[in-house]
Amino acid sequence: MKIVRVGLDVPVDTLFDYRADDATGADLGRRVLVPFGRRTAVGVVLELAQHSEVPVAQLKPVVRIVRDEPALDAADLRLLGFAAAYYHHPLGAVVMNTLPQRLRRVKPTRAAPPRAFALTAAGAHAEADDLPVRALVQRRLLALFKAQEILDPAAMRAAGATASRALQQLVARGWVEARAAPVPPRQTGVVAAPPLTAEQGAAVQAVTAALGNFQAFLLRGITGSGKTEVYLHAIGAVLDAGHQALLLVPEIALTPQLENVVRARFPSAHLVSLHSGLGESDRFEHWRAAQSGAADIVLGTRLAAFAPLPRLGLIIVDEEQDASFKQMDGLRYSARDLAVVRAQQRRIPVVLGSATPALETHYNAVAGRYRLLELTQRIHAAPPSIACIDTRGERLADGLSGALLEAVGTRLARNEQSLLFINRRGYAPVLMCHACGWLSGCPRCTAKLVLHLQDRQLRCHHCGHCAAIPVSCPDCGNPDLAPLGQGTQRVEAALAARFPQARIVRIDRDSTRRRFAWQTVRERIQAREVDILVGTQMLAKGHDFPHLNLVGVLNADSLLYSTDFRAPERLFALLMQVAGRAGRGADRGEVLIQTEFPQHPLYAAVRGQDYGAMAETLLAERSAAGFPPFVHQALLRAEAPSAASALDFLAHAAQIGRQLPQAVTIYDPVPAAMVRRAGLERAQLLVQSDNRALLQQFLGAWYARLATTRTRRTRWSLDVDPLEF
């Protein structure tokens with residue numbers, strides 16, 4: 001009798017045994033349909049066995065082994081096994097949650113037949129001037145059709161994010177029609193690349209020399225120094241060798257722009273993207289193209305770190321310092337760290353790129369574990385000038401100083417673009433009654449409801465709770481409620497009142513909620529149809545606007561008050577990233593930071609644009625304080641309807657931990673920084689050690705004991721290498 005051990009998407013750290021007399025070694029990594037309770041579930045075969053601890057009479061047979069789909073290969077399973085073991089999460093849940101949604105269903109999957117589109121006779125005689133001037137994507141799409149005559153959907157996406165809509169408009173004009181015939185091969189070769197600087201050339205040579213061997217590189221390059229060009233040359237070498245490349249970026253907003261750049265450079269390569277913004281069908285098709293080896297380049301956010309790639313030859317992690325690479329719920333993994341592990345397992349190079357690397361990454365380079373490659377010069381542009389505006393004693397107009405408003409007016413007169421950066425969306429962070437001190441608090445969180453004036457709502461940005469704006473104070477009845485602080489909406493309104501002739505665009509999660517909204521705005525910015533941008537962190541990195549020459553930073557001081565030991569590092573990185581948006585064209589950029597602490601050492605480092613000095617200072621502080629990277633940490637989080645329940649569970653967990661053989665420090669349970677979220681009280685327990693292996697040994701034994709503990713209504717999770725406390 002043959003037995004398969006199946007991983008299922010359940011919160012139990014075990015595999016489930018089933019009979020499968022026809023199973024072979026080739027079925028490892030295949031999906032299976034199995035009876036589970038009163039339903040049929042989808043799982044993945046992870047082990048084969050001859051014996052089971054379950055009595056033979058109780059073993060249920062597998063309903064079906066899905067052999068019409070490729071299996072996850074041994075390399076994929078090795079990475080998933082590492083992730084489950086290191087982050088102490090059930091293996092079955094790890095495996096199943098890395099699959100596209102369509103593969104987690106019992107219903108069989110069928111791919112839609114590929115469709116091609118071709119020019120009609122009318123389209124062949126049409127000209128771009130026959131289209132509206134603002135129909136930029138239609139014009140680009142028409143040019144692509146005239147160059148290649150027949151295109152598939154992937155090739156059409158090079159025209160822009162709204163290519164699908166533009167295609168339908170060309171079809172409606174009768175210029176393009178669907179074809180069932182197969183798409184002819186796309187043009188071969190690569191587009192001519194710009195010449196490399198000496199620093200870029202050295203970086204490319206180092207990476208390409210390491211192909212076929214494991215080597216972790218830190219590519220530290222100031223903004224505008226051409227890191228992307230290094231990536232593209234390295235990818236070209238990988239494609240020439242017949243391998244696949246994986247390129248990870250932190251934000252969905254960065255993928256369309258970078259996708260167009262990569263697609264234009266490698267028109268003959270099959271490029272797919274993987275991120276949560278894709279529809280279910282697109283994600284399934286792209287994932288399958290990666291797994292089959294048909295995709296040459298995979299571009300995605302953190303979930304792409306697990307993409308199956310049989311010919312993988314290179315991994316690149318752009319903006320590696322970004323916290324978005326850390327998953328904050330479920331399997332709390334770091335895509336950046338898994339990228340390094342995956343490269344080591346596959347014996348291939350991995351490139352971690354950043355202008356302001358995470359201190360852990362910088363420390364690994366200093367210690368010799370990573371090889372440091374540096375780009376110190378901007379390409380065809382000088383670094384921006386950075387200055388602080390001392391706002392002490394000044395009465396700001398909706399958060400805007402006179403000096404900053406004057407600078408914006410000067411740029412408007414020169415027909416140049418400006419960016420005002422404030423990392424708070426909404427109109428104001430809180431609504432206040434000055435008569436009694438009432439603040440608009442969230443009833444489900446220890447957070448304030450943010451005023452969204454345009455929607456006439458108060459919203460919690462943590463749990464999603466919404467409420468109408470009260471007509472009077474709920475406590476004292478005072479009708480004069482006032483917004484306190486600034487958000488992007490308030491800054492936008494203030495600028496519109498000050499500069500009524502200016503074309504102002506706000507870019508935050510609210511304004512870009514609709515699909516393709518951000519891509520459309522980006523095209524308007526490139527076409528110089530926008531004068532002033534007001535935005536959040538979405539605009540801080542990865543974007544190249546050649547006519548944007550002024551960056552103003554509002555409310556930067558808020559991060560100086562944080563209790564998080566990583567706050568100075570994050571503030572420095574954020575300011576350097578947003579400063580890098582200025583002056584990427586012919587004119588030198590200017591950056592103005594409003595602050596009440598202009599002499600603070602952090603702002604001095606920003607003005608000097610000296611990452612190295614700042615990193616060494618912060619590392620010395622962390623070494624003295626006993627913080628990462630000099631220690632390794634894990635955080636046991638608990639949430640329950642009452643604070644007492646959460647703290648009692650953690651106290652019991654600490655007691656269990658202290659009974660185990662340990663070389664770790666177990667701290668006392670404490671309330672979380674945000675004590676209540678979505679109606680649940682939250683607490684946490686920190687464990688740390690100066691030896692990663694010893695910490696992992698302890699966590700393995702501790703997790704096994706905790707998994708058998710009855711917790712009633714308390715939910716808990718283990719966060720290894722936490723970024724937030």
Side-chain angles (χ1 to χ4, degrees), residues 11 87-89 322-334 360 423-424 429-430 439-450 459-465 537 558-571 622 625-628 631-658 664-689 695 698-699 702-703 705-707 709-725:
Y87 294 106
H88 301 279
H89 199 76
D322 200 287
S324 298
F325 283 122
K326 173 76 172 182
Q327 174 72 24
M328 297 301 184
D329 54 23
L331 173 65
R332 297 173 182 264
Y333 68 93
S334 165
E360 289 83 356
N423 209 25
R424 273 187 185 151
V430 66
L439 297 173
S440 55
C442 176
R444 305 178 68 224
C445 303
T446 47
K448 305 304 179 189
L449 293 177
V450 177
R459 294 182 191 164
C460 178
H461 291 175
H462 299 281
C463 73
H465 175 81
Q537 196 163 337
S558 60
L559 274 176
L560 293 177
Y561 305 121
S562 175
T563 57
D564 185 351
F565 69 86
R566 286 190 171 91
E569 172 191 359
R570 289 173 175 166
L571 178 55
R622 291 201 191 174
F627 287 147
V631 299
H632 307 283
Q633 298 178 326
L635 201 63
L636 182 63
R637 304 177 187 269
E639 54 185 25
S642 70
S645 296
L647 289 169
D648 286 347
F649 166 76
L650 293 177
H652 179 62
Q655 184 180 7
I656 292 174
R658 293 186 177 108
V664 301
T665 301
I666 302 175
Y667 291 90
D668 292 331
V670 295
M674 179 178 287
V675 177
R676 185 174 65 256
R677 181 172 183 174
L680 294 175
E681 303 293 327
R682 307 163 73 232
Q684 59 196 33
L685 172 66
L686 178 65
V687 178
Q688 73 178 32
S689 172
L695 177 62
F698 169 79
L699 292 177
W702 195 37
Y703 180 82
R705 293 281 298 274
L706 292 175
T709 302
R710 294 187 177 182
T711 59
R712 296 183 181 179
R713 300 179 66 186
T714 302
R715 298 188 305 193
W716 61 273
S717 62
L718 192 60
D719 188 357
V720 181
D721 302 330
L723 287 185
E724 294 184 354
F725 290 83

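Starting from 1, each residue takes its place in the sequence as its number. Owing to the predicted nature of the structure, the values given are computational and were not obtained by experimental measurement.
Tyr667 is linked by a ring pair (Phe, Tyr, Trp, His ring centres under 6.0 Å) to nothing, counting only residues two or more places apart in sequence or in another chain. By the salt bridge (charged side-chain N to carboxylate O under 4.0 Å, His left out) test, Arg622 pairs with Glu360, Glu569, sequence neighbours left out. Residues passing the salt bridge (charged side-chain N to carboxylate O under 4.0 Å, His left out) test with Arg676 are Glu681, sequence neighbours excluded. Considering only residues two or more places apart in sequence or on other chains, Arg570 meets the salt bridge (charged side-chain N to carboxylate O under 4.0 Å, His left out) condition with Asp564. The ring pair (Phe, Tyr, Trp, His ring centres under 6.0 Å) check on His461 picks up His452, with sequence neighbours excluded.
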Notebook entry, point to check: Which is it for Leu706 and Ile656 under the side-chain contact (heavy atoms from CB on, under 4.5 Å) test, yes or no, and what are the steps along the way?
Noted result: CA-CA 8 Å; Leu706 292 175; Ile656 292 174; 4.3 Å; yes
Next item on the list: Could you check Val664 against Trp702 for side-chain contact (heavy atoms from CB on, under 4.5 Å), going step by step and ending with a plain yes or no?
Entry: CA-CA 12 Å; Val664 301; Trp702 195 37; over 6 Å; no
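Sorted by first then second residue, the salt bridge (Lys or Arg N to Asp or Glu O under 4.0 Å) pairs that include residues 648-658, not counting sequence neighbours, are Arg658-Asp668.
Between the CD atom of Glu639 and the OG atom of Ser717 there is a distance of 7.5 Å, given to the nearest 0.5 Å.
Under a 3.5 Å cut-off, the side chain of Asp719 and the backbone N or O of Leu635 do not form any donor-acceptor pair. Of the possible donor and acceptor atoms, none in the side chain of Ser562 sits under 3.5 Å from a partner among the backbone N and O of Ser558.
Between Phe565 and Pro628 there is a side-chain heavy-atom pair separated by less than 4.5 Å.
Taking 4.0 Å as the cut-off between side-chain N and carboxylate O, Asp329 and Arg637 do not count as a salt-bridged pair.
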